[in-house]
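Written out below as structure tokens is the structure these notes cover.
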Amino acid sequence: MKFSQRLHEKVGEIWEKTHQHPFVVGLGKGDLPVESFIRYMKQDYVFLIDYSKLFALGTVKARDLDTMSVFARLMYETLNGEMELHRGYAARFSITQQQLEETKQSPINLAYTRYMLNVAQNGTLEELISALLPCMWSYWEISKALADKYPTASEHPLYGDWIKMYSSNEFGSLALWLIELLDQLAEGKSERELAILEDHFLTTSRFEYMFWDMVYEGGDWPV
């Protein structure tokens with residue numbers, strides 16, 4: 001069994017709950033409340049600012065030029081692909097780019113990104129990947145499942161662009177590259193080392209679910 005398969009099995013229950021989350025289901029059915037989506041868009045925009053830094057750190061920790069190049073591409077695609085999608089959505093709601101960038105991270109968002117940045121700065125390349133991978137991998141899996149279950153979802157006037165981007169072959173190829181790289185880096189590792197990677201993957205999978213829950217319910221600083 002590849003290490004990535006072991007990870008996927010480990011978080012199976014969490015990811016299944018994520019697939020069934022009302023925010024995710026609402027994206028597919030097209031009946032997600034707009035206010036929840038706006039909250040998601042703003043929180044995810046500032047999340048992606050930090051997420052881009054993870055790819056920059058991946059470039060620093062990479063051990064060859066080819067790996068450096070792909071991490072640099074991942075950072076570019078995040079800054080100019082994913083975040084451009086959010087900027088386009090914001091324009092529909094008369095939200096400026098400056099207003100997006102001034103969004104204050106919710107407690108869950110802040111805890112999630114700081115966890116990943118801490119792992120990326122202080123850990124190995126494989127630790128960095130294991131921490132950031134649940135976001136990218138689960139987005140690809142979620143969007144493909146929604147596109148399959150709701151054939152007209154990609155045509156929705158608001159949520160269709162989200163599904164088309166994350167279910168695309170281009171996005172999927174980058175997720176697969178990270179999965180395959182982690183499998184390569186995990187080869188020959190001791191069980192103790194693999195357990196550390198597994199724990200990062202499990203923790204950020206939990207954060208992913210909590211992020212969906214936060215943007216759906218509107219969780220913010222209580223005081």
Side-chain angles (χ1 to χ4, degrees), residues 2-4 6-8 10-11 43-87 97 100-106 108-141 165-166 168-208 210-211:
K2 291 184 178 181
F3 184 58
S4 59
R6 165 177 161 174
L7 293 176
H8 197 265
K10 179 74 174 183
V11 299
Q43 285 294 320
D44 198 52
Y45 191 83
V46 290
F47 171 92
L48 288 173
I49 294 174
D50 284 336
Y51 202 63
S52 299
K53 296 176 184 178
L54 298 172
F55 296 129
L57 288 165
T59 304
V60 172
K61 291 177 180 285
R63 296 156 194 170
D64 58 78
L65 287 175
D66 287 342
T67 304
M68 289 178 69
S69 295
V70 182
F71 270 111
R73 180 186 168 197
L74 281 161
M75 183 174 68
Y76 178 88
E77 294 295 339
T78 303
L79 291 169
N80 299 285
E82 284 190 73
M83 292 177 72
E84 186 58 33
L85 176 72
H86 289 57
R87 288 187 283 266
Q97 184 173 332
L100 276 179
E101 293 174 7
E102 291 175 348
T103 299
K104 300 298 183 184
Q105 286 181 295
S106 71
I108 294 298
N109 196 349
L110 187 64
Y112 186 4
T113 55
R114 292 310 177 271
Y115 178 87
M116 289 190 293
L117 286 168
N118 180 64
V119 171
Q121 290 166 343
N122 297 300
T124 62
L125 178 61
E126 47 268 34
E127 285 185 80
L128 181 156
I129 297 170
S130 66
L132 69 81
L133 186 54
C135 177
M136 199 164 183
W137 189 353
S138 68
Y139 264 52
W140 183 43
E141 187 175 286
M165 168 168 278
Y166 292 111
S168 69
N169 290 333
E170 182 179 12
F171 186 83
S173 67
L174 292 171
L176 281 171
W177 180 82
L178 283 169
I179 293 168
E180 291 168 2
L181 179 57
L182 182 58
D183 280 332
Q184 293 172 19
L185 294 171
E187 290 180 6
K189 298 290 184 186
S190 67
E191 186 56 38
R192 179 178 177 278
E193 291 171 310
L194 294 179
I196 292 172
L197 304 181
E198 187 177 86
D199 188 60
H200 291 321
F201 195 86
L202 178 61
T203 298
T204 52
S205 290
R206 287 169 168 157
F207 269 126
E208 269 298 300
M210 293 167 71
F211 191 97

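Sequence neighbours left out, the pairs with a member in residues 71-84 that pass side chain to side chain donor-acceptor pair (under 3.5 Å) are Glu82-Tyr166, Glu84-Arg87.
Looking at Phe201 and Phe3, their side chains never come closer than 4.5 Å, going by heavy atoms from C-beta outward. Two residues are said to be in side-chain contact when any heavy atoms from C-beta on lie closer than 4.5 Å; Glu127 and Leu197 meet this criterion. In this structure, Ile196 and Thr124 have side chains that are not in contact, with every pair of non-hydrogen atoms separated by 4.5 Å or more. Residues Leu7 and Leu182 form a side-chain contact, since some pair of their non-hydrogen atoms from C-beta on lies under 4.5 Å apart. Side-chain contact between Phe171 and Met136 is present, with at least one heavy-atom pair separated by less than 4.5 Å. Counting heavy atoms from C-beta outward, Thr59 and Met75 have side chains that stay 4.5 Å or more apart. Contact of the Leu174 side chain with the Trp140 side chain is not registered, since no non-hydrogen atoms from C-beta on lie closer than 4.5 Å.
Not one N or O on the side chain of Thr67 forms a donor-acceptor pair closer than 3.5 Å with the backbone of Arg63. Checked by atom type and distance alone, the side chain of Gln43 pairs as donor or acceptor with a backbone atom of Lys104 at under 3.5 Å. Between the side chain of Thr204 and the main chain of Phe207, no donor-acceptor pair closer than 3.5 Å is present. For the pair Lys61 (side chain) and Gly123 (backbone), a donor-acceptor distance under 3.5 Å is present.
Under the 3.5 Å distance criterion, with hydrogens and angles disregarded, no donor-acceptor pair is assigned to the side chains of Ser106 and Asn109.
Heavy atoms from other residues, nucleotides or ligands lying under 6.0 Å from CG of Asn169 number 12 at most.
Here the two rings, on Phe211 and Phe47, have centers that are under 6.0 Å apart.
When all heavy atoms are compared, the tightest approach of Ser52 to Leu79 is OG-CD2, 3.4 Å. Here the closest heavy-atom approach between residue Leu54 and residue Ala120 is recorded as CD2-CB, 3.6 Å. The two residues Leu128 and Gly58 have their closest heavy-atom pair at CD1-N, 3.6 Å.
The aromatic rings of Tyr115 and His200 lie perpendicular to each other, with more than 60° between the two planes, well past the 30° mark. Between Phe71 and Trp177, the two ring planes are perpendicular [angle over 60°; tilted spans 30° to 60°].
Remark: Gln184 pairs with no residue by the side-chain hydrogen bond (donor to acceptor under 3.5 Å, both in side chains) rule, at least two apart or across chains. Residues satisfying the side-chain hydrogen bond (donor to acceptor under 3.5 Å, both in side chains) criterion with Asp199, sequence neighbours excluded, are absent altogether.
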Query raised in the report: Would Tyr112 and Asp50 satisfy side-chain contact (heavy atoms from CB on, under 4.5 Å), going step by step from the backbone distance to the final call?
Result: CA-CA 10 Å; Tyr112 186 4; Asp50 284 336; over 6 Å; no

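When each of Leu100, Leu85, Thr103 is checked for a side-chain contact (heavy atoms from CB on, under 4.5 Å) with Tyr45, only Leu100 meets the rule.
Between Glu198 and Lys189, no side-chain nitrogen of the basic residue sits less than 4.0 Å from a carboxylate oxygen of the acidic one, so the salt-bridge criterion is not met.
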